[in-house]
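Side-chain atoms are counted along with the backbone in the values below, which use heavy atoms only and exclude waters and symmetry mates. Naming: A, B, ... by sequence-line order, numbering from 1 per chain.
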Amino acid sequence: MKIGYPCINWTIDCKGNKTFRLKSYSEDRLKIIVKNNLDCLETILKYNIDNNVSFFRITSDLVPFASHPICKFNWQEHFKEDFVRIGELIQKNNIRISMHPDQFIVLNSPDENIFQRSTKELLYHAQILDLMKLDSTAKIQLHIGGAYKDKKSSITRFIQRYKELDSVIKKRLVIENDDRIYSLKDCLYVNQKTNIPILFDVFHHSILHNGETINDAVKTCSGLWDKKDGLLMVDYSSQKFGENKGRHTEKIDTKDFKLFLEETKSYDFDIMLEIKDKEKSALKAIDIAKEDPRFIKI
DNA sequence: TCACGTCAAGCAGAT
DNA sequence: ATCTGCTTGACGTGA
């Protein structure tokens, strides 16, 4: 069991997700920003190593506009050595890595252009992980997509599109249950047809489910990850008190987290804490989990 | 130095 | 028809 947080560290005065406006795009600007982002990523990873945080989600903003037609720059070659160095740091310290393309990336859109753009963006994500020479346990997590008032055919379209993807994407892509359209049950159907692993989101499942217990869900999903995929990844959050259903909490609910660990104690997996205060909650979670026999220290 | 309008991109559901 | 939320902040102009 590894525990981590996504993309941003609020403790360190360094942001690896800096970007700029499309209007102010230039090759020089891109070089400066990407250099900054890579340096900060390295700094954050070192912070994580010092603090036993062995799971991290790399921001999709690492290379701004990488998949946009405006970008003709060969950033892959230009920053090759930086990627290799960061990749070595990750592997040497046995850190698990994930990425999560944002909401604009939809494989099952009826609009062919959106599908094509999404494919380019997925390729960009895969390239980041490939340039770091990470193995296929480093994953890219994605939701199934939209429903377009016809969920059945939208799922079928996802399956068809998935099958046509480049293998560099397919070896890393996993699907995640969401909180409004595609439940764990829907993901399992897609898994049957494609063998794609399912990343289990505990919080989404609490909002949209078909009666499966957390224990059953974790058990089922664990079995879908082969050796080449690594351990099951789980996204964990809880409800923000007093807000609309689905809003993520600001800080970890330690009581809820302890219950979650207790309920799932028969299974091993890696936990990504989707909580607003990022590393602060991750450190609390690690402190709680450090007595757990599943927990791995760096 | 600060306020604030806006930012590449999709979709669903609420207002 | 428009706004909000999603992993939700932060860029950049104008004063």
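Within the nucleic acid shown, A:R180 comes within 4.0 Å of at least one base atom, counting heavy atoms only. Within 4.0 Å of A:T19, counting heavy atoms only, lie sugar-phosphate atoms of the nucleic acid but no base atom. Residue contacts for A:Y148: at a heavy-atom cut-off of 4.0 Å it reaches the sugar-phosphate backbone alone, with no base atom in range. A:P101 comes within 4.0 angstrom of a nucleotide base, judged by non-hydrogen atoms across all strands. Counting any heavy atom pair closer than 4.0 Å across all strands shown, A:I70 reaches no nucleic acid atom.
In this structure, of B:dA12, C:dA10, C:dG12, it is C:dG12 that holds the atom nearest to the side chain of A:S24. Comparing B:dC11, C:dT7, C:dC11 by their nearest atom to the side chain of A:P110 picks out B:dC11. You'll find that the side chain of A:H204 is closest to C:dT7, out of C:dT7, B:dA12, C:dC11. Side-chain proximity of A:E121 to C:dG5, C:dT7, B:dA9: nearest is B:dA9.
The distance between atom CD1 of A:I207 and atom P of B:dA12, rounded to the nearest whole Å, is 18 Å. Whole-Å rounding puts the A:K23 NZ to C:dG12 P distance at 10 Å. A straight line from CG of A:D102 to P of B:dA8 spans 13 Å, rounded to a whole angstrom. The distance between atom CG of A:N113 and atom P of B:dG10, rounded to the nearest whole Å, is 10 Å. In this entry the distance linking CZ of A:R21 with P of B:dC7 reads 8 Å, nearest Å. In this structure, CG of A:D277 is placed 17 Å from P of C:dT7, rounded to the nearest angstrom. Whole-Å rounding puts the A:Y25 OH to B:dC7 C1' distance at 17 Å. The separation between A:I33 atom CD1 and C:dG12 atom C1' is 12 Å, rounded to whole Å.
Rounded to the nearest Å, the gap between the P atom of B:dC7 and that of C:dT2 is 16 Å. Nucleotides B:dA9 and C:dG12 are separated by 16 Å at their P atoms, to the nearest Å. Taking atom C1' on both C:dC3 and B:dG5, the two are 16 Å apart, rounded to the nearest angstrom. Rounded to a whole angstrom, the distance from the C1' atom of B:dC2 to that of C:dT7 is 28 Å.
A salt bridge links A:D287 with A:K290; the closest basic N to acidic carboxylate O contact falls under 4.0 Å. Ion pairing between a basic and an acidic side chain is recognised when a charged N comes within 4.0 Å of a carboxylate O; A:D50 and A:K46 show no such pairing. Between A:E88 and A:R85 no salt bridge is recorded (no basic side-chain N to carboxylate O distance below 4.0 Å).
With A:F269 as the partner, the ring pair (Phe, Tyr, Trp, His ring centres under 6.0 Å) test is satisfied by one option alone out of A:F295, A:F260, A:F200: A:F260.
Between A:S109 and the phosphate of B:dC11, there is a side-chain N or O to OP1/OP2 separation shorter than 4.0 Å. The phosphate of B:dC11 has neither OP1 nor OP2 within less than 4.0 Å of any side-chain N or O from A:H143. Using a 4.0 Å cut-off, some side-chain N or O of A:R29 falls inside it from OP1 or OP2 of C:dG12.
With a 3.5 Å ceiling on both atom-pair distances, B:dA9 lacks any Watson-Crick or G-U wobble partner.
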Output, in order, the C-alpha distance, side-chain angles, deciding distance and verdict of salt bridge (Lys or Arg N to Asp or Glu O under 4.0 Å) for A:E262 and A:K265. CA-CA 5 Å; A:E262 177 61 26; A:K265 65 183 173 194; 2.9 Å; yes
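Side-chain contact annotation: A:E274 with A:S237, donor-acceptor N/O pair under 3.5 Å absent.
Along DNA chain C, the nucleotide nearest A:L22 and the nucleotide nearest A:C7 are compared for position; the residue whose nucleotide lies closer to the 5' end is A:C7. Residue order along DNA chain C, read from the 5' end via each residue's closest nucleotide, puts A:P6 first among A:K18 and A:P6.
Centre separation under 5.5 Å together with a plane angle under 30° does not hold for the ring of A:F104 and the six-membered base ring of B:dG10, so they are not marked as stacked.
Here the closest non-hydrogen pair linking A:I95 and A:I298 is CG1-CD1, 4.5 Å.
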